[in-house]
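Throughout, a chain's letter reflects where its sequence line sits, starting with A, and its residues are numbered from 1.
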Protein chains: 2
Amino acid sequence: MREFKRKTRVLLVDDNNDHVKGIKELILLETGYDVIGSASSANSAVNFVKKYNPDLVVMDINLPEKDGLQAIQEINRLGLETKFLVLSGYDDPDLIYRAMKVGAKGYILKTMSSAQLVHGMEEVLNGKVYLPAVLTSKFFDYFQQSFREESAANDEENLLSYLTSREEEVLGLLTKGNNYKGIANQLFISETTVKTHVNNIFQKLQVNDRTQAVLYALNNGFGKKIKAKMSA
Amino acid sequence: MREFKRKTRVLLVDDNNDHVKGIKELILLETGYDVIGSASSANSAVNFVKKYNPDLVVMDINLPEKDGLQAIQEINRLGLETKFLVLSGYDDPDLIYRAMKVGAKGYILKTMSSAQLVHGMEEVLNGKVYLPAVLTSKFFDYFQQSFREESAANDEENLLSYLTSREEEVLGLLTKGNNYKGIANQLFISETTVKTHVNNIFQKLQVNDRTQAVLYALNNGFGKKIKAKMSA
DNA sequence: GATATTCTCAATCTATAGATTTAGTACATG
DNA sequence: CATGTACTAAATCTATAGATTGAGAATATC
């Protein structure tokens with residue numbers, strides 16, 4: 001049986017033409033890869049993928065106008081098998097987190113070696129996630145921090161705990177976008193009573209209007225429950 | 001200056017006594033480690049940490065009654081510097097995800113080599129996250145899946161995309177709880193102009209008031225966009 | 001150079017939100 | 001049974017939100 005492997009079709013996305021050239025040359029040194037195009041904006045990247053369905057997109061995420069993460073998200077919604085390897089100049093935990101969140105399969109820095117880039121491409125194409133150890137640590141710093149803050153916010157002094165059950169009920173309807181009349185109808189009480197409750201809620205949450213009350217509620221775990229699962 | 005490095009104090013948590021013995025012997029083969037105790041339940045692990053404040057906890061998460069993840073969470077709330085390396089028999093993406101979520105710094109399988117265990121311990125103690133490539137992939141499978149489901153619901157036609165950049169700016173301030181006056185002051189425009197923008201926002205988002213607009217924004221990914229940074 | 005969009009603002013009007021005071025009922029607790 | 005709290009409600013008032021119309025300036029598009 002003859003060895004006949006279709007070349008991997010790659011799209012490069014970067015708004016800097018020199019970068020595109022450099023990376024392209026680098027990739028073409030490897031057998032098995034074809035750079036079938038390049039794009040310098042998120043929109044053109046999306047259009048290119050729609051037309052030519054590359055196997056892999058190597059992309060910078062710092063693009064003019066719309067950023068690369070949005071492009072990844074849009075393309076992923078198309079339901080294709082496109083893999084994304086982010087090639088970024090930044091190692092912010094926040095950026096890494098958001099890239100992985102929207103569905104990137106790998107993230108490497110422009111300062112990393114070309115061997116690492118090629119290795120990352122291979123891993124990603126094999127269905128794995130490629131995130132160098134340094135970046136993995138940064139990702140988890142951010143990931144775990146977000147949960148620490150969440151549980152810290154729930155602790156401390158949560159003003160929501162001072163609400164009576166009726167007030168909680170009213171606040172719940174506020175967070176659904178109801179006005180006084182809507183709440184009154186749903187709770188079978190008068191509009192003035194609702195106003196009284198809402199005013200008391202404002203006092204307790206130390207806010208001035210319903211929008212702030214709703215924001216306080218959402219930011220402080222109102223309505224959130226811990227889903228406890230049994231472990232194996 | 002004399003080389004004098006304090007030994008790393010390790011707590012082992014596993015409900016199987018044979019496992020504890022085996023791991024303990026393994027660790028003690030390494031210089032620099034002291035196994036200062038072992039626990040066979042989540043509660044006794046928590047109590048042990050409170051009393052003896054180990055540097056590292058190597059733990060199985062499959063424990064009777066309360067599971068190891070809860071123990072990690074409880075201990076992390078104490079505000080100590082305790083590092084956790086999960087040593088599990090299972091490689092479920094869900095388990096890995098939850099372990100990392102509650103603050104584990106590493107996760108390795110019992111089937112992995114002792115060299116890998118020791119390496120993981122070192123990495124974790126150095127403040128890094130240790131997650132073997134196979135498990136990293138599993139973690140991200142789960143992680144990304146959870147967002148795919150979320151964005152599938154939010155997607156379809158996102159009305160936020162019809163907003164002009166100025167309207168986005170105004171909506172951003174609305175989601176901070178500002179009233180007309182506050183927005184006008186911050187954008188250096190008149191209050192009536194703000195009202196015009198807000199009205200246009202309502203039209204485009206098909207809502208009736210600011211609370212609904214804010215809720216729509218928050219539920220449809222507003223603000224989850226990249227804060228554009230200058231590229232190198 | 002005509003057209004469309006965006007951003008700006010005023011003026012005016014109505015509707016709703018929010019503040020405040022007072023008060024009746026119910027219920028629990030000491 | 002006196003006291004405190006939660007829930008209900010009315011009345012009244014002010015402040016803010018929101019709808020609508022019209023219009024000038026800037027910029028981009030064709």
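Within the 4.0 angstrom heavy-atom criterion, base atoms lie near Asn199(A). Looking at heavy-atom distances under 4.0 Å, Thr164(A) makes contact with sugar-phosphate atoms alone, never a base. Looking at heavy-atom distances under 4.0 Å, Phe202(B) makes contact with sugar-phosphate atoms alone, never a base. The residue Ser165(A) sits close only to the backbone: its heavy atoms come under 4.0 Å of sugar-phosphate atoms, none of a base.
Thr192(B) has no side-chain polar atom (N or O) that falls below the 4.0 Å cut-off from OP1 or OP2 of dC9(C).
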Query raised in the report: Passes side-chain hydrogen bond (donor to acceptor under 3.5 Å, both in side chains), Ser44(B) versus Ser41(B)? Steps please.
Result: CA-CA 5 Å; Ser44(B) 58; Ser41(B) 77; 2.9 Å; yes

Report task. Walk me through it: do Phe139(B) and Phe140(A) pass the test ring-ring contact (aromatic ring centres under 6.0 Å, His included)? Result -> CA-CA 11 Å; Phe139(B) 169 89; Phe140(A) 282 110; 4.9 Å; yes

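Rounded to whole angstrom, the span from the CD1 atom of Ile189(A) across to the C1' atom of dG24(C) amounts to 16 Å. Rounded to whole Å, atom C1' of dT12(C) lies 10 Å from atom NZ of Lys195(B). Atom pair Arg166(A):CZ and dC27(C):P shows a separation of 15 Å (rounding to whole Å applied). Look at CD1 on Ile183(B): it is 16 Å from C1' on dC9(C), rounded to the nearest Å. dC9(C) atom P lies 8 Å from atom NE2 of His197(B), rounded to whole Å.
The side chain of Ser190(B) approaches dA10(C) more closely than any other nucleotide in the set dA19(C), dT8(C), dA10(C).
Aromatic pair Phe202(B)/Tyr216(B): centroids not less than 6.0 angstrom apart. Between Tyr97(A) and Tyr107(A), the gap from one ring centroid to the other reaches at least 6.0 Å.
Atom NZ of Lys204(A) has more than 12 heavy atoms from other residues, nucleotides or ligands within 6.0 Å.
Contacts between chain A and DNA chain D, taken as any atom within less than 4.0 angstrom of a protein heavy atom, begin and end at dA6(D) to dA10(D).
Nearest-nucleotide positions on DNA chain C for Arg210(A) and Thr193(B) put Thr193(B) closer to the 5' end. For Asn200(A) and Gln203(B), each mapped to the nucleotide of DNA chain D holding its nearest heavy atom, the one lying further toward the 5' end belongs to Asn200(A).
Between the side chain of Asn178(B) and the backbone N or O of Leu173(B), at least one donor-acceptor pair lies under 3.5 Å. Checking side-chain atoms of Asp55(A) against main-chain N and O of Arg9(A) turns up a donor-acceptor pair under 3.5 Å.
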